Amino acid sequence: MCDTCGCQLHEHHQHDTKVVEVNKSLLEANQKQAHSNRHHIEKMGALAINMISSPGSGKTTLLERTIEALKDTVKIGVIEGDIETERDADRIRAKGIPAVQLTTGGACHLDAPMVHGGLHVLEHFAKGEGFDLIFIENVGNLVCPSTFDLGEHRRVILLSVPEGSDKPAKYPSTFRGADLVLITKMDLLPHFDFSVEEAEIETHTLKPDVPIIELSSTTGDGFEQWIDYLKEMLKK
Ligand SMILES: Nc1nc2c(ncn2[C@@H]2O[C@H](COP(=O)(O)OP(=O)(O)OP(=O)(O)O)[C@@H](O)[C@H]2O)c(=O)[nH]1
Ligand SMILES: [Mg+2]
């Protein structure tokens, strides 16, 4: 007898097996849709970046400033993911850039089928001109988004100074999946015990060659490196 649910242990074991099977097939379906999204994005003429971080690490603020730097030369589209509200999409639209808000209604991450829907709406805004760069801002969460390929070409993880430099080792799957790590809110460094060295060592222990850029969206320090990264990516 199982102490937790009262069923026979053998049956309980079967429940576990079913849960694992359902999760596996969900992830397989997600992966299939992600491949198709990547193809779709490329047909639109674009490359896509999946932005992942804890809530409030500065994803939307970074996008606002990035748009200001690039919008005259690069055609940008944005897909925003949040549990509720259009707030982030509204902030992007205020910069004159098309933005689609996906609201997950409770889910702690975006998945490839949701992004597929978002791409069709974004395509409508492109008026046949396509895009160069599509940013997908994931739901603020340092755990769940790491499992779901959205069809992006690069995955950028943000870690802000107030969160603490011990976070990479605590959220390893997210940092292991990074193509680039941004240490954000560097202007706040004098006010927190954040060690850039610790964050970099922990990140490189998980993913040895991943580039790390330190920046501040408030002061603009470090932004040149980030913009150069995007320009290099667009050249390839
Ligand atoms: N000091 C400082 N504050 C920043 C910086 N970047 C963002 N912020 C502030 O951090 C707060 C959260 O920023 P957002 O850009 O909304 O963060 P987010 O990651 O998009 O948040 P969610 O979408 O809710 O996950 C806001 O009050 C920003 O003004 C920065 O470089 N320095
Ligand atoms: Mg945001």
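Numbering starts at 1 and runs along the sequence shown. This one's a predicted model, so the numbers in the text were calculated from it and none came from an experiment. Whatever order the structure lists ligands and atoms in, that order sets their numbers, starting from 1.
Counting all heavy atoms, side chain and backbone alike, Glu214 lies closest to Val196 at OE2-CG1, 3.3 Å. Residue Cys108 comes nearest to Asn141 through the heavy atom pair CB-ND2, 3.4 Å, listed as atom of the first residue, atom of the second, then distance.
Taking each of Gly56, Gly140, Gly220, Gly58 in turn, the one with a heavy atom nearest to atom 22 (P) of ligand 1 proves to be Gly56.
The protein heavy-atom contact nearest to atom 31 (O) of ligand 1 is Ser217 N, 2.9 Å. Ranking the protein heavy atoms by distance from atom 28 (C) of ligand 1 puts Thr61 OG1, 3.7 Å first. Atom 25 (O) of ligand 1 has its closest protein heavy atom at Lys59 NZ, 2.7 Å. When only non-hydrogen protein atoms are considered, atom 9 (C) of ligand 1 lies nearest to Lys185 NZ, 3.9 Å. With respect to atom 1 (N) of ligand 1, the closest heavy atom belonging to the protein is Asp187 OD2, 2.9 Å.
When heavy-atom distances to ligand 1 are checked against a 4.0 Å cut-off, Leu215 has no atom that comes that close, whether in backbone or side chain. Residue contacts with ligand 1 for Met186 are absent, since no atom lies close enough (heavy atoms, distance under 4.0 Å). When heavy-atom distances to ligand 1 are checked against a 4.0 Å cut-off, Leu62 has no atom that comes that close, whether in backbone or side chain.
Atoms of ligand 1 found under 4.0 Å from any heavy atom of Pro55, numbered from 1 in the order shown, are 25 (O). Of all atoms in ligand 1, listed by their number and element, those nearer than 4.0 Å to a heavy atom of Asp88 are 23 (O). Of all the atoms in ligand 1, the ones that sit under 4.0 Å from a non-hydrogen atom of Leu188 are 1 (N). Each of the atoms 31 (O) of ligand 1 lies under 4.0 Å from some heavy atom of Ser216.
Residue Glu80 places every heavy atom at 4.0 Å or more from ligand 1. Remark: distances from the non-hydrogen atoms of Arg91 to ligand 1 include one below 4.0 Å.
The CG atom of Leu180 sits 13.0 Å away from the CZ atom of Arg155 when rounded to the nearest 0.5 Å. Expressed to the nearest 0.5 Å, how far NZ of Lys231 lies from CG of Leu133 amounts to 12.0 Å.
One finds no salt bridge joining Glu21 and Lys24 here, because no Lys/Arg side-chain nitrogen approaches an Asp/Glu carboxylate oxygen to under 4.0 Å. A salt bridge links Asp90 with Arg93: at least one charged nitrogen is closer than 4.0 Å to a carboxylate oxygen.
Side-chain N/O atoms of Glu163 and Ser57 include a donor and acceptor closer than 3.5 Å. A donor and an acceptor atom, one from each side chain of Asp149 and Asn30, are nowhere located under 3.5 Å apart. Between the side chains of His120 and His124, no donor N or O sits under 3.5 Å from an acceptor N or O. With no hydrogens or angles considered, no side-chain donor-acceptor pair links Arg65 and Thr218 at under 3.5 Å.
Taking only nitrogen or oxygen atoms, main chain and side chain alike, Thr218 reaches within less than 3.5 Å of ligand 1.
Of the angles at the Mg ion (ligand 2), the one spanning OG1 of Thr60 and OE2 of Glu137 is 90° when given to 10°.
Within a 4.0 Å radius of atom 14 (P) of ligand 1, the protein contributes one or more non-hydrogen atoms. Proximity of atom 4 (C) of ligand 1 to the protein is indicated by at least one non-hydrogen atom lying closer than 4.0 angstrom.
Without hydrogens or angle criteria, Lys71 side chain to Lys95 main chain gives a donor-acceptor distance under 3.5 Å. Using modelled atom types, one side-chain atom of Lys75 and one backbone atom of Glu129 make a donor-acceptor pair closer than 3.5 Å.
For the Mg ion (ligand 2), the N/O/S atoms of Asp88 include one lying under 2.8 Å.
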